[in-house]
Amino acid sequence: MAVAARLKLRRWHWIAAGLIVVVVVMLLLRATSAPDKPLLPAGALRVGVDPSNPPFAFFEDDQIRGLEIDLANALGDALDAPVQLVPLGFDGLYDALKVEAVDIVIAAITADPLRTADVDYSLPYYDDGLVLVSPADHPIAAMDALAGLSLAYAFGSEADSEAHRWLRRIQPFTTQPYETPQIALDAARLGAADAALVGATDARLYARAHDDWPNVRQAVMHTPFVIATSARHGRLAAAINEGLQQMQNDGTLDLLIARWLGGA
Amino acid sequence: MIASLARAAWMVAGHWRWFVRVGVAVALLQLIAPAPPRAVLEPPQTVQTQDAQLCVHTRLMEEVDEWKIQRTLQIVREMGAPTIVEFFPWAYIEPGEDDYHWAAVDRIVRHAQNQGIRIIARLGLVPAWARPNEDERPTTLNELPVESFPDFAEFVARFAERYAGQIDHLIIWNEPNLSFEWGYRPVDPAAYIDLLRVVYEAAHRANPGVTILSAPLAPTLEPAGSPNGMSDLLYFEAMYEAGLADVSDAIAIHPYGFTSPPEAAPGFDALNFRRAELLHDIMLRYGDADKPVYITETGWNDHPRWASAVTPSLRIAYTLDALDYTQREWPWLQSLCLWVMRFPAPTNSYPDGFTLVTPDFQPKPIYDAVQAYARGWSPGGALWLSPPG
């Protein structure tokens, strides 16, 4: 066989192999994607919430209120759909999503890597990670600047663990455990400690309650809260992300957070 | 075209040497990867305690690393708890019908025995093959259709037989008075007793020495007809109406304390620790008061913001008072299991406020306090500083 003919034949082999791969991939995609269904099957955005977690969601005068309720309503507006709140316990959140009793879950949850086969997680809407809080007139920019200084935190908390991790990395600093994050923040405000390490929400709420205390907050760890949707409903996940992105871009999200937790 | 496809397949097959080379490379990389920490058994240990009823719920089946299972059980022993409750999901152990995978259970049993710790096993969580067809409607791992009751009973019997003499206390299901724990369906006490009856008989045939504990109920005020569940008191009474007394050897309960001290008076509309007494009153009414009772979950939560939490110092005080109270007032109680020793990973939410030890094994103040109580040690010095100012 002539060389040109052999090359032509080999090209056909490659094309055939490519076709096989394309067909197999398409079949796999088809098998794993659900048939099209309405964006909101119930005609409303059914939002699973956990109303035991103030200030994110809680009962007040027989009504569920909180940052996450306002967020749900804002997303309902973005989707042009009425919002139906479904109160759930923390343990039942994902099962409600699985049996499609709710369309989305907004309940101060973080992405769980063990659930990503069944659940899509949105962009983060809030970061509840640890923050280093120090007085504005003696700001401490980062954990590695603590050497030789003192740090207040709540005993047995995530901040306690993180403080001890840093003790192994940098020159010693004095650890000052207190019973609660609020008392640790008192220590920083009253000058009994150079800084406090607490969760972002505790820091924001404390700063709002003590607005006469100028302070600096520096993120140390990130704990992003996200919205969960069913992985069988990718269109809704995309719409939720689009709505969140829009709310971030136009400042709506910051306003909601500031309304419930105080300013950044 | 067919000839072209055949040739293409032959061409791919002709590259088998590359598959071998890649395989060898992967195997070599495995050899140079750091070995996971070993979990060598210690000489057999025993639990030193002054509170034989003390127990703690663990979460070991979700652990990948064996050394973490061993370390968790070591700190259980060091705390002075001679018993744990562990959840063994059916779905993990029998993922395919008659396809049993016991290795994960075996290693927990091995390490628990090595530490001198007794296991109470909670069984539940339905594998896909025993649930309704997912293509017709979505189901949760808690949905067990009636036609699969014998399959679950068969699993429980196999478990009871395999671990006879090692695990002789089996809790059948969890909190079936909550809709989501019943597969997101309306709760049904009679159906639960039907399930328990099938399981009870099969388990006793497999291990005559087994103790079958009925499912603990979630403390809740949900009225009958609520889509979310049913009051534990109403549900418990309905269980007795359906024949609970004849198909259980012991009763498991979950009297959480929420924000009240353990001595707070019980009431139909009050969620607190002494709700256990109302459940026991029902046992008394149905002539079943001699049956032993196990608290398989209880405790207080010290998350800084959860609506049902208390401060860490109150959590310690309430927990120790509860241990005293039960020894003094509840002669019918066999075990008091605290929820929960440790999670494999943080939830980053208020459930973390129930743990005694962080995922990276840092003891919380509650752990030290319970340990001092159980071991008869004098409480240590102040765990935290006094408030400034």
Side-chain angles (χ1 to χ4, degrees), chain A residues 9-10 12-17 19-20 50-56 58-59 87-92 94-96 98-101 107-110 112 114 128 152 154-158 160-161 164 176-183 186-187 190-193 199 201-202 205 223 225 230 232, chain B residues 1 3-12 62 137-143 175 178-181 183-185 218 220 227-229 302-309 311-313 345-352 355 358-360 362-368 382-389:
Chain A
L9 188 59
R10 179 165 286 186
W12 274 108
H13 292 165
W14 280 111
I15 291 170
L19 275 173
I20 291 171
D50 176 0
S52 71
N53 195 19
F56 295 96
F58 57 98
F59 272 109
L88 300 164
F90 189 86
D91 292 341
Y94 284 108
D95 278 0
K98 178 82 170 30
V99 298
E100 299 174 2
I109 54 173
T110 54
D112 181 347
L114 298 178
D128 194 31
F155 190 98
S157 66
E158 178 62 28
D160 187 338
S161 299
H164 282 86
Q176 294 185 198
Y178 293 96
E179 187 183 1
T180 66
Q182 291 74 24
I183 302 174
D186 281 343
L190 299 172
T201 304
D202 294 317
L205 292 172
T223 304
F225 287 170
S230 168
R232 299 151 67 116
Chain B
M1 184 64 181
S4 293
L5 289 175
R7 283 195 190 95
W10 177 250
M11 200 169 66
V12 171
E62 292 160 342
R137 64 177 174 85
T139 61
T140 76
L141 287 146
N142 288 319
E143 180 167 345
E175 302 185 342
L178 295 182
S179 167
F180 92 88
E181 295 278 11
Y184 239 97
R185 297 170 298 165
T220 175
N228 301 322
D302 60 9
H303 188 272
R305 290 189 310 275
W306 188 39
S308 297
T311 62
S313 56
T347 66
N348 295 315
S349 188
Y350 62 82
D352 293 337
T355 58
T358 64
D360 56 358
Q362 185 179 337
K364 294 184 174 182
I366 183 72
Y367 176 88
D368 294 327
L383 296 167
W384 43 70
L385 303 172
S386 301

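Only the side chain of A/Pro181 comes within contact range of chain B, with heavy atoms under 4.5 Å apart. Heavy atoms of A/Phe56 lying under 4.5 Å from chain B belong exclusively to its side chain. Contact annotation for A/Leu190: only side-chain heavy atoms (C-beta onward) come within less than 4.5 Å of a heavy atom of chain B. Both the backbone and the side chain of A/Asp160 come within less than 4.5 Å of a heavy atom in chain B. Looking at A/Thr223, the atoms closer than 4.5 Å to chain B (heavy atoms on both sides) all sit in the side chain, from C-beta outward. Of the two parts of A/Tyr178, the backbone and the side chain both hold a non-hydrogen atom closer than 4.5 Å to a non-hydrogen atom of chain B. Proximity to chain B is absent for every atom of A/Tyr94, based on heavy atoms less than 4.5 angstrom apart. Contact of A/Ala187 with chain B is made through backbone and side chain together, with heavy-atom distances under 4.5 Å. Of the atoms belonging to A/Asp112, not a single heavy atom falls under 4.5 Å from chain B. With a 4.5 Å cut-off on non-hydrogen atoms, B/Pro351 touches chain A through its side chain but not through its backbone. If you measure heavy-atom distances from A/Ala101 to chain B, the contacts under 4.5 Å come from the side chain alone.
A heavy-atom distance below 4.5 Å is not found between the side chains of B/Asp352 and A/Glu158. The shortest side-chain heavy-atom distance between B/Asp360 and A/Ser161 falls under the 4.5 Å cut-off. You'll find the side chain of B/Pro312 stays beyond 4.5 Å of the side chain of A/Phe155, heavy atoms only. A 4.5 Å side-chain heavy-atom check between A/Ile183 and B/Trp384 finds every atom pair outside the cut-off.
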- [ ] For side chain to side chain contact (heavy atoms under 4.5 Å, CB included), just list the numbers for B/Phe180 and A/Leu88, CA-CA rounded to whole Å, side-chain angles, deciding distance to a tenth of an Å, and then say yes or no.
- [x] CA-CA 10 Å; B/Phe180 92 88; A/Leu88 300 164; over 6 Å; no
| said: side chain to side chain contact (heavy atoms under 4.5 Å, CB included) for A/Leu205 and B/Arg305? Distances and angles first, verdict last. | reply: CA-CA 11 Å; A/Leu205 292 172; B/Arg305 290 189 310 275; 4.1 Å; yes
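Top candidate by heavy-atom pairs under 4.5 Å with chain B, chosen from A/Ala152, A/Gly191, A/Ala96, is A/Ala96. No other option in B/Asp302, B/Leu383, B/Ile366, B/Asn142 has as many heavy-atom pairs under 4.5 Å with chain A as B/Leu383. By number of non-hydrogen pairs under 4.5 angstrom with chain A, the leading residue of B/Thr358, B/Thr355, B/Leu141, B/Thr139 is B/Thr139. Listed options A/Leu114, A/Ile109, A/Thr180, A/Asp95 were ranked by heavy-atom pairs under 4.5 angstrom with chain B; first place goes to A/Asp95.
Looking at residues two or more places apart in sequence or on another chain, you find no ring-ring contact (aromatic ring centres under 6.0 Å, His included) involving B/Tyr367.
Here the closest heavy-atom approach between residue A/Phe225 and residue B/Asn348 is recorded as CE2-O, 4.2 Å. Annotation for B/Pro138 and A/Lys98: closest pair CB-O, 3.0 Å, computed over non-hydrogen atoms. Taking all atoms of both residues into account, the shortest heavy-atom contact from B/Tyr184 to A/Gly92 is CE1-O, 4.2 Å.
Under the 3.5 Å distance criterion, the side-chain polar atoms of A/Glu179 are matched with a main-chain donor or acceptor of B/Ser313.
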